[in-house]
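Everything on this sheet refers to the single structure shown next.
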Protein chains: 2
Amino acid sequence: MGYQTRPDIRPLQDRILVGDCITELKKIPAGTVDLVFADPPYNLQLSGGLTRPDQSKVDAVDDHWDQFESFEAYDRFTKGWLAECRRVLKPDGALWVIGSYHNIFRVGSILQDMGFWILNDVVWRKTNPMPNFRGRRFTNAHETLIWASRDADARYTFNYEAMKVFNDDLQMRSDWTLSLCTGAERLKNADGDKLHPTQKPEALLHRVLLSTTKPGDTVLDPFFGTGTTGAAAKALGRHFIGIEREDDYAEAALARIDAVKRLPPEALQVTTSKRAEPRIPFGSLIERGLVKAGDMLFDPSTRIAARVRADGSIAIKDASGSIHKIGAHVQGAEACNGWTFWHVKKGANLVPIDMLRQQLRAEMAAAA
Amino acid sequence: MGYQTRPDIRPLQDRILVGDCITELKKIPAGTVDLVFADPPYNLQLSGGLTRPDQSKVDAVDDHWDQFESFEAYDRFTKGWLAECRRVLKPDGALWVIGSYHNIFRVGSILQDMGFWILNDVVWRKTNPMPNFRGRRFTNAHETLIWASRDADARYTFNYEAMKVFNDDLQMRSDWTLSLCTGAERLKNADGDKLHPTQKPEALLHRVLLSTTKPGDTVLDPFFGTGTTGAAAKALGRHFIGIEREDDYAEAALARIDAVKRLPPEALQVTTSKRAEPRIPFGSLIERGLVKAGDMLFDPSTRIAARVRADGSIAIKDASGSIHKIGAHVQGAEACNGWTFWHVKKGANLVPIDMLRQQLRAEMAAAA
DNA sequence: AGCAGACATGAATCACCGT
DNA sequence: TACGGTGATTCATGTCTGC
C-alpha cells in the first residue's frame with residue numbers, strides 16, 4: 001500500500017486500515033497524528049457462565065481477541081501498540097485509552113514508563129450498568145479513561161472554554177455521566193443481535209474529541225471496531241484513521257460513517273437532569289452524622305418508634321429493613337415513602353427525615 | 001516492644017505503632033489481620049527537573065515523605081509495604097488502597113503481579129473538589145480506591161445486603177459521591193491550619209468498613225495519619241492497628257480516637273443475608289409437621305403439582321428428586337431454587353414453602 | 001391508536017459446603 | 001481434592017405484545 005510521506009499530503013486520512021493493529025500502525029508515517037483514541041481488549045479473564053436471577057444467560061465477552069495467557073502477555077501486547085502510537089503522534093499530540101479495572105492499571109503504568117504524561121484520569125459513570133447478579137461485589141458501574149500527552153512538556157490541546165460552555169458554565173469535571181450504547185445507536189446484525197460486543201456511545205467520543213482536538217485534526221483509533229471514533233470525528237469536522245482486524249466490523253463502520261451528518265449542538269449538551277444526578281440514600285445521612293446509628297425514628301403520631309442501625313436499616317420489635325420497607329410494614333401498606341413518614345425529635349419538635357436530606361443536599365451544593 | 005505471637009492474644013490491637021511503615025509491619029504476626037486500608041503517599045513529585053509554580057507551594061503536599069526520585073523508586077516502596085501487608089493478612093483477608101492517577105496505576109499493577117485479586121475499583125466522586133485554576137485540564141474531581149482480596153479464591157467479606165439497605169434498597173454501585181473532609185471534622189493545629197494535608201472523610205471509611213468487615217475484625221492502616229481509619233473502626237466496633245511515622249499525627253490520632261464513642265451493639269447489627277442463616281433441609285419441614293408426606297406442592301401458576309414423600313423428596317408423574325432438582329426439571333432450566341418455586345395451598349392462598357422455612361427458623365430461634 | 005405490562009439485555013474477573 | 005447437591009441473586013432502559 002503506497003502513501004506519501006510528505007506531511008502536507010495525508011492520503012491515510014478518513015480511511016480504515018484492515019489488518020493487525022501493529023502491522024498497520026507501522027504503515028503510518030511518524031509524527032502525523034494529533035490524537036489517539038484507543039479502546040483495547042480489556043483482558044476480562046472470565047471463566048464459566050453467568051446467569052441472571054431469572055435463569056437467562058449473560059452474553060459475555062468471550063471473543064478470542066480478549067484472551068491473553070498472562071498479565072505478561074497482555075503487557076507485551078500493550079507495549080507493542082503503545083510504542084507505535086507514540087511514534088505516529090506529533091510531539092504535541094495526546095492519547096486517550098479506555099479500560100476497566102482488569103486492564104487499566106497495567107495500561108496506565110506502561111504509559112508512564114514510556115514517557116507519556118498523564119493529564120487526567122476520567123471516569124465514565126454509567127447511568128444503566130449491568131447489575132451484579134450474584135450480589136458478591138459492588139455494581140461495576142464505571143469505566144476509566146486515561147488522557148495523556150505524548151511528553152511531559154507537550155503543548156497539548158484542551159478546549160477549556162468550549163467544555164465549560166458545554167457544561168452549563170461550570171468547569172468540566174473528571175467524572176462523566178453517560179448511558180450505555182443501546183437502542184437505535186447500537187449496530188445490529190441481520191439477526192437483530194448486537195454487531196459488536198463493546199460498542200461505545202458516540203456521546204463519549206464527542207466529549208473526547210470536542211475537548212482535546214481542533215477542527216481538522218487527525219484522530220487515530222487503533223481498535224476501530226464499528227467506528228464510533230470515526231463517526232464522531234466526521235460529525236465534528238475532524239479526520240480519522242481507523243485500524244480494525246475484522247472485515248465485518250470495518251465494513252459496518254464504513255457504512256455507518258458514510259451516513260453521519262453533523263449533529264446539532266443541542267445533541268451534545270451535557271445531561272444535567274435530576275435523573276442523572278446521584279440520589280442521596282438514607283445511609284449517607286448516617287455517614288455524615290445527620291442521623292446517628294442508635295437514634296430513634298418516629299411515625300407522625302409518635303406511637304411507632306424504630307431504631308437506626310449503622311447500615312441505614314431501621315429496626316422495630318420484630319423486623320428490620322429500609323426506611324421505606326419498614327414504613328410500609330408498620331402501616332400494613334404496599335409501599336411507603338420513608339422520607340416523609342419517619343421523623344426525628346428535635347427538642348419538642350418532630351422533624352421529617354426528608355428535612356435532613358434537604359439539609360445535606362444544601363451542604364453539598366454550597367460546598368461545590 | 002514485646003508482643004505475644006499466640007494468635008489468640010492480640011496485644012497489637014487498637015494501638016498506633018509509631019515508626020517506619022515496613023519496620024513496624026514486620027512486628028505484626030503473619031495471618032492476623034482481616035482488612036488493610038492504605039492511603040499511601042501519592043502526590044508524586046518526580047524530581048527529574050520539574051519545578052512547581054510558586055503560588056501553589058504554600059498549601060500543596062510537599063512533605064518529605066511524599067517525594068520519590070523516580071517511578072522505579074515508588075514501585076520499590078510500594079512492593080515493600082504491600083508484601084508485608086500480604087504477609088499479615090489472613091488467607092481470606094482483603095485490602096483497600098486509595099490513590100489518584102499519579103500512583104494508582106502503579107499500585108494496581110503491582111497488586112495484580114503479587115497475586116492480589118481485584119474485586120472492584122471504586123470511585124470516590126467529590127462533591128466539592130478543588131477547581132483547576134489554570135484551566136488546562138478537567139477538574140480532578142475524584143479519587144480511585146481498589147478493593148482486592150489476598151487471593152483469587154479467598155472467601156472475602158462483603159455485606160451485600162447491608163450496603164443495599166444503605167442505598168435505599170438498590171445495589172451499591174462502584175461510584176460513591178461524598179464530600180471532602182472539611183469543617184469541624186478536619187483536624188487543625190494550634191494556628192488553625194489543617195493538621196494533615198490529606199485527611200480522608202470518616203464517611204469514606206464508614207462505608208469501607210461497613211461493607212467489607214464484620215464487627216470484631218481487625219483493620220490495619222499502614223499510613224495512619226490522623227487516624228480516620230481508627231476513628232471509624234472504633235465507632236463501628238472493629239479493632240484497628242495503625243502505623244504512622246510522624247509523632248504529631250500519631251498523637252493527634254490517639255486523642256481523636258479516644259473521643260470517639262462506640263456505637264451500641266443494637267446499632268451495629270446490620271442487615272444479614274439468607275446465605276448467613278442456618279441451613280434447613282426440606283426434610284425438616286416434614287419432620288416438624290409443617291408439611292406432611294403426601295401433601296401436594298404447586299408451581300406459581302398451579303399448573304404443575306408434585307407430591308411430597310416421607311424422605312423429603314418430591315415426585316411428579318415421571319420423576320422424583322429434591323425440590324430444587326424437580327423444580328429445574330419441570331421448567332427445563334439448569335437450576336432452580338425450590339424454596340421459592342414451590343407453594344402449598346392455604347385455603348384459597350398459595351404460600352411459598354420458603355415461608356414455612358422462615359416459620360421454622362423463627363420457632364428454632366425462640367427455642368434457643 | 002395508545003397504553004400497560006411483559007420481555008430483553010448491557011466489557012462480569014458474580015458460591016459454598018459436605019463427602 | 002474433585003465432585004455433586006443445595007440454593008441465592010438484578011437495574012435501567014428500550015422494544016415488543018396484547019388489549
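Below, chain A is the first sequence line, B the second, and so on; all start at residue 1. Side-chain atoms are counted along with the backbone in the values below, which use heavy atoms only and exclude waters and symmetry mates.
- Nearest to the side chain of B:R155, among C:dC16, C:dT13, C:dA11, sits C:dC16.
- For A:L46, counting side-chain heavy atoms from C-beta on, the closest listed nucleotide (C:dA11, D:dA12, C:dT13) is C:dT13.
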Using atom names, set out every protein N or O paired with an N or O of nucleotides 16-19 of chain D below 3.5 Å, distance rounded to 0.1 Å.
none

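- Using a 4.0 Å cut-off, no side-chain N or O of A:R186 falls inside it from OP1 or OP2 of D:dT15.
- C:dG10 atom C1' lies 11 Å from atom NZ of A:K200, rounded to whole Å.
- Between B:W124 and B:W176, the gap from one ring centroid to the other reaches at least 6.0 Å.
- The only option from A:D121, A:N120, A:D175 that meets the side-chain hydrogen bond (donor to acceptor under 3.5 Å, both in side chains) definition with B:H142 turns out to be A:D121.
- Remark: DNA chain D takes part in the stems C:2-10 with D:11-19, C:15-19 with D:2-6, each of 3 or more antiparallel Watson-Crick or G-U pairs, criterion distances under 3.5 Å.
- Side-chain proximity of A:R136 to the nucleotides C:dA12, C:dG10, C:dA15 is greatest for C:dA15.
- One interatomic measurement links the two molecules: CG of A:L187 to P of C:dG10, which rounds to 13 Å at whole-angstrom precision.
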For nucleotides 3-9 of chain D, tabulate all protein N/O to nucleotide N/O atom pairs closer than 3.5 Å, reporting atom names and distance.
residue, atom, partner, partner atom, Å
D:dT6, OP2, B:S322, OG, 2.9
D:dT6, O3', B:R279, NH1, 2.9
D:dG7, OP1, B:R279, NH1, 3.0
D:dG7, OP2, B:H324, NE2, 2.5
D:dG7, OP2, B:W339, NE1, 3.0
D:dA8, OP1, B:R357, NH1, 3.4
D:dA8, OP2, B:N337, ND2, 3.2
D:dA8, OP2, B:R357, NH2, 3.0
D:dT9, OP1, B:E161, OE2, 3.1
D:dT9, O2, A:F133, O, 3.2

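- Using a 4.0 Å cut-off, no side-chain N or O of A:N43 falls inside it from OP1 or OP2 of C:dT13.
- Proximity of A:K126 to the phosphate of D:dA12: no side-chain N or O atom is located under 4.0 Å from OP1 or OP2.
- Along DNA chain D, the nucleotide nearest to A:G183 and the one nearest to A:M130 differ in position, and the one closer to the 5' end is contacted by A:M130.
- Under a 4.0 Å N-O distance rule, the pair A:D311/B:R207 does not qualify as a salt bridge.
- Regarding B:M172, its CE atom lies at a distance of 16 Å from the C1' atom of D:dT10, rounded to whole Å.
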